[in-house]
Amino acid sequence: MKSNPKQPNVSRNPWTWIPTLYFAQGLPYVAVMTISVIMYKRLGISNTDIALYTGWLYLPWVIKPFWSPFVDIISTKRRWTLTMQWLIAAAFAGIAFALPTPLWFSLTLAVFWMVGFTSATHDIAADGYYMLALSEHQQSLYVGIRSTFYRVATVVGQGLLVIIAGALETATGDIPLSWAIVFAILSLLFLGFALYHSWAMPKVESKAGKLRSASDVWREFVDVFAEFFRKKQVGVAIIFMLLYRLPEAQLVKLINPFLLDPAEAGGLGLSTAQVGVVYGTVGIIGLTLGGIVGGIVAARRGLGFWLRPMAWSMSLTCLTFVYLSFATDAPLAVVNICVFIEQFGYGFGFTAYMLYLIYFSEGHHRTAHYSICTGFMALGMMLPGMAAGWIQEAVGYQNFFIWTMICCLATIGVTYLIRIDPSFGVKK
């Protein structure tokens, strides 16, 4: 694997833009994948329909490799990133206006698709910018920070924003209006991100040169994919990308319905606001600590040393939901402890996955190759997630969470297939 080219002379401290960039990257994803699940559950949609329809919303992240080469070839990653942030702000405003209308379900699904495509393009550009602006060691050092703030966005989405939605539901008695206000807040946030990053993100790329012919662009497009599939261990790498997150792919669709469903339905019976508090307070502490610790230890001993311990961390902490499915009358304090353990384990274990995608993407077309990797990652989330609601309604929450523990064998097993340069990520 080749090392990154010499790092550009960047005067801006990476702390200035990495936390906010990856917070901004995470919010649209959590809005499409998680906030939509909670919102549709509160609006009376069944678990099967929620998992099926929101599962299809993964598609933009699955197929984004087909346009990622154009992001790599045309203009700069910084310009793509800022443009997508403006478009995401407009799309969130569209959802806010659609929710109070009679056609709210079809309209919001359509706009969520638009958010998905713009967010997927933002991912391509932001990840490419990250790899261009930082050295290899910095990438390892900050991967925990970027993963943490990405997951903080998830926690804020299903934490703080859900708390706000729950409070508005109580105050107004109007569920559609409450969620419309939440998406208006998201729209304003992205207006702020676009303005701030116009200043904070340093210009680390030269301006695009003269426009190339269509045949030149197509030739480079084909070369990008051909180069990717000629990489060593590409088959094993794809299996790893598809299966490492198999348990999470199913859990993520049913955790919030499980927390919201009453005890007679096998759930915990929490209110909308309580679900937000659990993930917006204790959860964020566990996630932050797990992500930061993961980045620090990976930078010291390398990905090769920590890959399997991190896989075990992701897997064993899933046991907390098995326990909660049998202890549906557990006090809120116990629920918080379980969430802390699960989020810490996930934050620690996910570090290895992100580092491996960076590792496998190295080369001339690192931005496009990283996008191809995340496309396989999204496919691995999409297909199991679409079936998760049907599985849960067929076997119940207890057996469903036991099934996800069985799926953890795939997470651990794939780590024994791949080979990693022991020096990758270690400070030289």
Side-chain angles (χ1 to χ4, degrees), residues 33-34 37 47 51 55 58 147 151 154 236-259 266 268 279 283 286-287 289-291 293-294 297-298 303-327 335 337-357 373-374 376-418 420:
M33 294 293 107
T34 305
V37 170
N47 285 356
Y58 275 115
S147 297
R151 296 297 295 179
T154 302
V236 171
I238 291 171
I239 293 171
F240 176 86
M241 295 170 204
L242 292 174
L243 296 182
Y244 187 80
R245 300 175 75 189
L246 179 61
E248 184 207 358
Q250 300 168 83
L251 282 173
V252 73
K253 292 299 178 188
L254 273 302
I255 287 175
N256 287 303
F258 169 66
L259 296 176
L268 296 185
Y279 275 88
L287 177 72
L289 291 175
V293 171
V297 299
L303 174 61
F305 179 86
W306 284 104
L307 176 61
R308 289 168 190 166
M310 288 179 173
W312 278 100
S313 171
M314 282 190 67
S315 300
L316 292 178
T317 52
C318 293
L319 282 168
T320 55
F321 284 102
V322 176
Y323 166 75
L324 289 174
S325 68
F326 283 90
V335 176
I337 291 171
C338 289
V339 168
F340 176 89
I341 293 171
E342 190 272 335
Q343 289 286 286
F344 181 92
Y346 182 82
F348 186 75
F350 190 65
T351 302
Y353 191 83
M354 297 302 296
L355 271 177
Y356 182 75
L357 298 193
C373 290
T374 57
F376 281 114
M377 175 183 71
L379 182 63
M381 294 291 287
M382 174 182 168
L383 297 179
M386 290 174 64
W390 176 83
I391 294 172
Q392 182 277 316
E393 291 193 336
V395 303
Y397 280 116
Q398 292 178 350
N399 290 328
F400 172 75
F401 290 125
I402 292 172
W403 161 247
T404 60
M405 285 303 305
I406 296 171
C407 292
C408 289
L409 295 174
T411 299
I412 296 166
V414 293
T415 65
Y416 288 85
L417 300 178
I418 61 175
I420 298 170

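All residue numbers in this chain count up from 1 along the given sequence.
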### Task
Mind jotting down which residue pairs meet the side-chain hydrogen bond (donor to acceptor under 3.5 Å, both in side chains) criterion with at least one end in residues 304-318? Sequence neighbours excluded, please.
none
### Query
Using the ring of each side chain (for Trp, its six-membered ring), is Tyr353 parallel, tilted or perpendicular to Phe240, with breaks at 30° and 60°?
parallel
### Query
CD1/Ile402 to CZ/Phe321 distance, rounded to the nearest 0.5 angstrom?
15.0 Å
#### Entry: By side-chain contact (heavy atoms from CB on, under 4.5 Å) - contacts of Phe376 (at least two apart)
Phe228, Phe229, Ile238, Met241, Leu242, Ile372
### For Tyr58, side-chain hydrogen bond (donor to acceptor under 3.5 Å, both in side chains) partners two or more places apart
none
### Summary
In short, Cys338 meets Tyr323 closest at the heavy-atom pair SG-CD2, 3.8 Å
### Message
Rounded at 0.5 Å granularity, tell me how far OG1 in Thr415 sits from CG in Leu417.
### Response
7.5 Å
### Message
Could you tell me if the side chain of Leu357 sits less than 4.5 Å from the side chain of Met377, heavy atoms only?
### Response
yes
Pair up each side-chain donor or acceptor in residues 378-388 with any protein partner under 3.5 Å, not counting sequence neighbours, and list the distances.
none

### Summary
Separation between CD (Glu248) and SG (Cys408), nearest 0.5 Å, reads 10.5 Å
### Message
How close do Leu307 and Ala352 get, counting heavy atoms only, and between which atoms?
### Response
CD1-CB, 3.8 Å
### Task
Heavy atoms only: give me the nearest Lys253-Gly55 pair and the separation to one decimal.
NZ-N, 4.1 Å
### Task
Could you walk me through whether Tyr356 and Leu303 pass side chain to side chain contact (heavy atoms under 4.5 Å, CB included), step by step?
CA-CA 7 Å; Tyr356 182 75; Leu303 174 61; 4.0 Å; yes
### Task
Go through the steps to decide whether Phe401 and Leu324 satisfy the test side chain to side chain contact (heavy atoms under 4.5 Å, CB included), and finish with yes or no.
CA-CA 9 Å; Phe401 290 125; Leu324 289 174; over 6 Å; no
### Query
When rounded to the nearest 0.5 angstrom, what distance separates CD1 in Ile255 from CG in Leu268?
11.0 Å
### Query
By side-chain contact (heavy atoms from CB on, under 4.5 Å), which residues pair with Phe305, not counting sequence neighbours?
Arg301
### Task
Just grab all the side-chain hydrogen bond (donor to acceptor under 3.5 Å, both in side chains) pairs involving residues 394-411, residues at least two apart or on different chains.
Asn47-Tyr397, Gln250-Trp403, Asp261-Tyr397
#### Entry: Taking every non-hydrogen atom, the tightest pair across Thr320 and Glu342
OG1-CB, 3.5 Å
### Message
Phe400: which residues meet the ring pair (Phe, Tyr, Trp, His ring centres under 6.0 Å) condition with it, sequence neighbours left out?
### Response
none
### Task
For Tyr346, enumerate each residue passing the ring pair (Phe, Tyr, Trp, His ring centres under 6.0 Å) test, keeping only those at least two apart in sequence or located in another chain.
Phe350
### Residue pair Val297, Val293: steps toward the side chain to side chain contact (heavy atoms under 4.5 Å, CB included) verdict
CA-CA 6 Å; Val297 299; Val293 171; 4.2 Å; yes
## Note on the structure
In this structure, CG of Leu254 is separated from CD of Gln392 (nearest 0.5 Å) by 5.0 Å
